[in-house]
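Numbers restart at 1 for each chain; the letters A, B, ... are given by sequence-line order, proteins then strands.
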Amino acid sequence: MPIKTSYLAKHVRTLKPSGIRKFFDATAGMTDVISLGVGEPDFVTPWNVREAAILSLEDGYTSYTANAGLLELREAIAKYVDDYYCVSYDPEHEVTVTVGASEAIDIALRAILDPGDEVLVVEPCFVSYAPLVTLAGGVPVIVESKKENDFKVQPEQLETAVTERTKAIMICSPNNPTGSMLSKIEMERIAEVAKKHDLLILSDEIYAELVYDELYTSFAAIDGMKDQTILVSGFSKDLAMTGWRLGFVCAPRDISQGMLKIHQYAIMCASTMAQHAGLEGLRNGRSDMADMRKSYRQRRNYIVQSLNEMGLPCYKPEGAFYTFPSIEATGMNSETFATRLLQEERVVVVPGNAFGDSGEGHVRCSYATSMSQLQEAMKRMRRFVDKL
Amino acid sequence: MSMKLTATEIEVAEILEKDARLTNDELAKMMNLSVDQIHQMVKKLEDEKVIVRYVSLVDWTKIDGHQGVTAMIDVKVTPKRDVGFNDVAERIYRHKEVKSVYLMSGTYDLSVQVEGQSVNEVAHFVSQKLSTIDGVISTTTHFVLKKFKHDGTVYDSDDRDKRIVVSP
Ligand SMILES: Cc1ncc(COP(=O)(O)O)c(C=O)c1O
């Protein structure tokens with residue numbers, strides 16, 4: 001039977017499949033694999049949060065909520081953002097509960113882009129950014145953060161990339177895959193570029209709670225930036241809730257209402273039981289978050305030193321749960337390194353080029369894995385590097 | 001007697017409480033300190049008896065012929081002048097069958113945990129040894145039927161990693 005590829009839209013046919021998928025398939029059927037390739041917490045959602053969802057089901061909360069999400073949850077989100085990031089949003093008109101940060105990014109882009117509008121995407125970055133810009137009719141313009149700048153994009157680089165079609169800059173700090181975090185001063189300098197050219201900052205702050213050395217600053221809290229920032233965040237990472245698919249987005253009222261229109265037609269509302277769980281997490285999840293943060297910090301310190309010791313130089317990430325060691329000294333490219341490491345030592349890492357061309361020469365190692373697994377993984381990686 | 005420790009010393013104690021088998025080298029990496037600093041720190045914790053002992057949690061029910069029995073015994077006591085409960089507590093905990101002794105608030109005074117090979121053995125200990133101690137007024141013995149969770153650890157927990165192997 002002929003395959004009717006013609007039914008598929010052209011822009012979907014030309015969309016590149018995620019480089020991560022390929023690696024996932026390669027591990028199929030393998031045993032004794034240790035994975036440092038996972039982009040989610042190794043913790044299970046705290047019990048009180050799970051229980052809140054169970055109780056909501058027992059109480060019969062099984063219908064739709066308001067499109068923007070339970071008002072109580074939006075109020076809790078607004079309070080949280082105010083308490084911890086010192087930015088105040090109106091829960092009725094400026095906060096939307098989404099199906100993960102993933103949906104928040106999607107509706108934000110769809111709400112702001114006219115066909116042909118350009119978005120500066122700082123790579124290496126989360127895999128969805130450039131494809132979602134394309135799907136929203138925009139044009140992703142890649143700006144590369146460099147190893148020699150600790151993977152922090154320089155304002156001059158952004159300045160050079162701006163054209164009259166540029167609408168927004170996508171920033172993720174702390175970053176997946178590099179773990180690098182912008183300081184307040186660095187953000188202010190980027191904000192200058194945004195102000196000068198009247199650009200929006202689409203700020204993915206999903207790792208804001210997983211910061212280990214310094215205080216975190218939200219882009220929306222930078223002087224004068226609230227009106228030009230779309231703040232995306234969620235529950236996946238800090239409360240270990242990836243499978244619940246719950247996130248949120250805060251934005252100035254007109255943008256927020258625009259996003260809500262898309263969300264209302266495409267999604268209706270986020271899962272009701274997940275919203276009840278998220279509410280409990282915001283109200284009573286601080287101590288669990290603190291415990292997890294402490295554990296990640298210990299593991300970060302451990303893996304960074306171990307990688308450096310084995311000759312894979314590694315920038316010490318300020319946040320998230322990834323390290324992004326350079327593998328250039330091995331003479332391999334990132335895919336070969338990752339493939340051979342998997343075949344010879346059964347350790348999964350993700351080739352850096354899955355996060356953009358500028359990730360080449362690196363691999364992403366997640367330390368969201370138990371200490372005992374990390375110890376074994378470091379032993380195997382060291383053996384692998386030593387025999388090269 | 002309690003003492004003030006630095007946040008780092010407390011964190012090291014917390015880590016070792018969860019996993020006493022970590023080496024000083026690994027601890028040093030986790031805490032971003034030198035092996036020597038960690039060595040000093042652990043030694044201090046040990047010397048000060050903050051870290052009292054390193055233990056393994058063994059599930060004896062898995063071993064044929066070693067299941068044994070555990071009883072939690074509520075003990076009412078007449079406190080003695082000057083020494084209060086300490087004297088009686090000491091007389092109780094000197095017996096090797098006794099695994100723990102706590103002074104409790106509420107309707108009884110001491111909570112005593114006893115382990116033995118059989119119900120008979122424990123019953124014998126309670127009637128012959130425990131209740132005959134000077135100052136012990138009464139005992140109520142509860143036998144443990146099954147241990148689900150002990151010292152923060154669930155015995156038969158399903159802790160398989162349920163995540164997909166690679167994700168963005
Ligand atoms: C930078 C970044 N943004 C967004 C997401 C998606 O998060 P969510 O589960 O909330 O959709 C991830 C998940 O890996 C991420 O790393």
Side-chain angles (χ1 to χ4, degrees), chain A residues 18-28 30 33-44 102 125-128 176-177 212-213 242-243 291 294-295 297-309 316 338 342 348-350 354-355 364 366 368-375 378, chain B residues 5-42 44-45 50-51 54-59 147-168:
Chain A
S18 164
I20 294 220
R21 183 77 221 172
K22 209 160 56 185
F23 244 75
F24 177 66
D25 296 338
T27 61
M30 280 193 181
V33 169
I34 297 183
S35 182
L36 307 182
V38 190
E40 59 179 323
D42 56 317
F43 298 102
V44 175
S102 301
C125 69
F126 186 51
V127 294
S128 80
N176 175 6
Y212 308 115
D213 307 307
T242 42
D291 289 347
K294 197 181 232 181
S295 170
R297 180 170 18 85
Q298 292 163 1
R299 294 184 253 165
R300 174 200 63 165
N301 292 346
Y302 174 77
I303 192 173
V304 167
Q305 278 209 37
S306 304
L307 290 168
N308 278 322
E309 267 179 22
K316 187 168 184 181
L342 175 62
V348 181
V349 297
V350 181
F355 307 96
R364 188 191 74 176
S366 162
T369 295
S370 69
M371 255 316 280
S372 57
Q373 291 273 295
L374 268 188
Q375 285 165 263
M378 290 302 104
Chain B
L5 293 177
T6 65
T8 316
E9 288 166 338
I10 293 170
E11 195 169 336
V12 168
E14 281 173 357
I15 295 175
L16 285 174
E17 190 182 30
K18 282 198 211 103
D19 182 3
R21 296 186 68 195
L22 286 166
T23 63
N24 281 355
D25 182 55
E26 285 155 352
L27 273 174
K29 283 183 181 145
M30 289 167 79
M31 297 303 297
N32 216 10
L33 295 169
S34 70
V35 176
D36 198 49
Q37 282 169 310
I38 286 291
H39 178 80
Q40 297 300 330
M41 209 172 276
V42 174
K44 174 179 168 187
L45 292 170
V50 171
I51 293 179
Y54 298 98
V55 296
S56 302
L57 185 59
V58 178
D59 184 356
K147 291 180 186 172
F148 294 99
K149 185 177 182 180
H150 185 82
D151 277 353
T153 302
V154 176
Y155 277 97
D156 276 314
S157 77
D158 170 17
D159 52 8
R160 279 172 305 131
D161 196 339
K162 300 182 184 73
R163 300 173 298 169
I164 55 175
V165 185
V166 190
S167 57

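For a residue to count as touching a neighbouring chain, one of its non-hydrogen atoms must lie under 4.5 Å from one of that chain's; by this rule B/Leu27 does not touch chain A. Both the backbone and the side chain of A/Ser306 have a heavy atom closer than 4.5 Å to some heavy atom of chain B. For A/Met378, no part lies under 4.5 angstrom from a heavy atom of chain B. For chain B, the nearby parts of A/Ala368 are the backbone and the side chain; heavy atoms of each come within less than 4.5 Å. For chain A, no part of B/Asp161 is nearby; none of its heavy atoms comes within less than 4.5 Å. Contacts of A/Gln373 with chain B are absent, with no heavy-atom separation under 4.5 Å from either backbone or side chain.
With rounding to the nearest 0.5 angstrom, the CG atom of B/Asn24 is 11.0 Å from the CE atom of B/Met41. The CZ atom of A/Phe43 sits 12.5 Å away from the OG1 atom of A/Thr242 when rounded to the nearest 0.5 Å. Separating the OH atom in B/Tyr155 from the CG atom in B/Leu57 is a distance of 4.5 Å, to the nearest 0.5 Å. With rounding to the nearest 0.5 angstrom, the CG atom of B/Leu16 is 10.5 Å from the NZ atom of B/Lys18.
A salt bridge is absent between B/Glu26 and B/Arg21: the closest approach of a Lys/Arg side-chain nitrogen to an acidic carboxylate oxygen does not fall below 4.0 angstrom. Contact check on A/Asp213 versus A/Arg300 returns a salt bridge, with a Lys/Arg side-chain nitrogen under 4.0 Å from an Asp/Glu carboxylate oxygen.
If you tally non-hydrogen atom pairs under 4.5 Å between each of B/Lys162, B/Glu14, B/Met31, B/Arg163 and chain A, the highest count goes to B/Arg163. Counting heavy-atom pairs under 4.5 Å between each of A/Asp42, A/Val348, A/Ile303 and chain B puts A/Asp42 at the top. Comparing A/Pro41, A/Ser370, A/Gly243, A/Ser372 by how many heavy-atom pairs each has under 4.5 Å with chain B, the most go to A/Pro41.
A side-chain contact (heavy atoms from CB on, under 4.5 Å) with B/Pro168 is found for exactly one of A/Val127, A/Asn176, A/Val350, namely A/Val127.
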